Amino acid sequence: MAPSQEAAPTIHHLFDLSGKSALVTGASGWLGSSFAQARAGAGASVVPSSRDLKRAQDAATVLPSPKGATHHGVQLDHMEVKSLTNGFEEAVAVADKLDILVINGLELSGKDLTNISFEEFARHQVNNAGYFELARLGRDHAVDRGAPATIIVIGSMYGMVGSYPDAYEGVFNASPVAYHALKGGTIHLTRHLAVYWAEDNVRVNCISPGPFPIDGMVPEEMVNRLSNKSPMKRIGRPHELKGALMLLASDAGSYITGQNIVVDGGWTAW
Ligand SMILES: NC(=O)c1ccc[n+]([C@@H]2O[C@H](COP(=O)([O-])OP(=O)(O)OC[C@H]3O[C@@H](n4cnc5c(N)ncnc54)[C@H](OP(=O)(O)O)[C@@H]3O)[C@@H](O)[C@H]2O)c1
């Protein structure tokens, strides 16, 4: 006999974020602005963050508010623990509470394995320390409130597979060695935290985007090579990450934790 579906929420209810509050770091960036739009579009109150307060506030003003939720920008630099703590506290103050964390910001390192220094490599790994610290603040906040929370960290296909040198040869720096090391760690950090915090009702998941080069930032020839390597023969567009984000941020993903959802047009499936 089929189990009773009487008490099951509707599909609309599962994806609805009304009444939820979400912090999105790096929310003025290429992918971060799309993540913030997705949260707000689903009814959440969004707190976009940036290292620059004005940029964060500007990001908040352009967000939709279909159900009347308000959005406020905060300053947050995840390479500085004081800034992280202050930014998180400010986010809780302006939103009353936080249910969803999207840890997306990244301090870039343009150097590759031929020219990066020891100090630059080490500095890049501090991004993960910031991701952890912010996740821990989110978990402690949820436990203090006695409420569930969902934490989504942004990884990368380059945390799973090595570089594809042919895409870069002669047109751009090789993909940064420190970035590969960082994002591999980000994906595994996710699993570790998910296991420890599951009993706290805090879900921790990762989204690993494939090639989503920022418009105008890399040579067209490189975009063509990335596209040709992809089974789908094209690069991704930022809105194509919204579905995975919605699944993990909402009750639709209530039994998903410790996972790395890969949105890469099939890149890692070869
Ligand atoms: N684009 C891709 O192809 C791709 C592929 C795989 C994974 N990803 C991941 O997606 C995430 C977003 O990347 P993106 O492509 O959207 O790049 P992006 O446009 O450069 O956005 C990165 C954002 O990070 C913020 N940021 C920089 N340093 C920070 C710091 N110290 N603390 C907090 N925030 C900081 C910046 O915001 P402010 O300057 O306003 O602070 C910036 O808007 C990254 O984690 C990246 O690794 C991207």
Side-chain angles (χ1 to χ4, degrees), residues 24-39 50 59 78 102-116 120-121 124-125 127-128 130-131 152-191 205-249 256 259-270:
V24 181
T25 74
S28 53
W30 180 241
L31 303 183
S33 52
S34 190
F35 294 145
Q37 289 279 341
R39 303 280 63 77
S50 164
H78 64 222
V102 183
I103 303 176
N104 160 74
L106 175 79
E107 183 182 283
L108 290 171
S109 159
K111 301 279 186 72
D112 69 20
L113 71 175
T114 65
N115 57 15
I116 194 165
E120 288 165 335
F121 188 103
H124 199 57
Q125 308 316 308
N127 278 290
N128 263 344
Y131 295 171
I152 299 141
V153 193
I154 306 305
S156 169
M157 70 177 185
Y158 277 167
M160 304 169 62
V161 294
S163 183
Y164 175 56
D166 291 1
Y168 305 87
E169 190 70 43
V171 290
F172 211 66
N173 292 341
S175 61
V177 61
Y179 182 75
H180 284 253
L182 176 82
K183 291 293 181 172
T186 304
I187 294 166
H188 208 58
L189 172 72
T190 301
R191 299 186 183 108
N205 289 290
C206 186
I207 295 175
S208 282
F212 286 76
I214 301 174
D215 271 357
M217 188 132 145
V218 297
E220 204 180 325
E221 170 62 15
M222 184 176 142
V223 174
N224 292 339
R225 292 183 195 176
L226 291 170
S227 301
N228 286 335
K229 155 79 174 161
S230 166
M232 290 184 76
K233 298 293 172 221
R234 66 176 179 86
I235 57 166
R237 304 304 295 169
H239 73 268
E240 294 184 290
L241 292 162
K242 288 183 177 179
L245 191 75
M246 276 304 297
L247 174 64
L248 297 177
I256 303 175
Q259 302 306 306
N260 177 35
I261 297 196
V262 188
V263 183
D264 68 352
W267 185 287
T268 54
W270 281 122

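All of these numbers come straight from a predicted model, not from anything done at the bench.
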Looking just at side-chain N and O atoms, do Ser175 and His180 make a donor-acceptor pair shorter than 3.5 Å? yes
Ion pair check, Glu240 and Arg234, cut-off under 4.0 Å: yes
For Asn224, is there any backbone N or O sitting under 3.5 Å from a side-chain donor or acceptor partner on Asn228? yes
Correct closest heavy-atom pair for Met222 and Ala167 would be CG-O, 3.3 Å
With rounding to the nearest 0.5 angstrom, report the CE to CZ distance, Met157 to Phe212. 9.5 Å
All heavy atoms of Gly105 vs all of Thr25, minimum pair found to be N-OG1, 2.9 Å
If the plane angle is over 60° it's perpendicular, under 30° parallel, otherwise tilted; pick one for Tyr168 and Tyr158. tilted
CG (Asn205) and CG (Leu248) are apart, to the nearest 0.5 Å, by 4.5 Å
With Asn127, which of His78, Lys183, Glu107 fulfils side chain to side chain donor-acceptor pair (under 3.5 Å)? His78
Phe35 meets the ring pair (Phe, Tyr, Trp, His ring centres under 6.0 Å) criterion, sequence neighbours left out, with none
Asn115 side chain vs Asp112 backbone, donor-acceptor pair below 3.5 Å: yes
Mind listing the closest non-hydrogen atom pair of Ile116 and Ala178 along with its distance? CD1-CB, 3.8 Å
Among Thr190, Thr268, Asn260, find the one that has a side chain to side chain donor-acceptor pair (under 3.5 Å) with Ser208. Asn260
Quick one: are Lys229 and Leu226 in side-chain contact, heavy atoms under 4.5 Å? no
Which heavy atom of Ser230 sits nearest to which heavy atom of Trp270, and what is that distance? C-CZ2, 4.2 Å
Nearest heavy-atom approach of Cys206 to Gly155 is SG-N, 3.5 Å
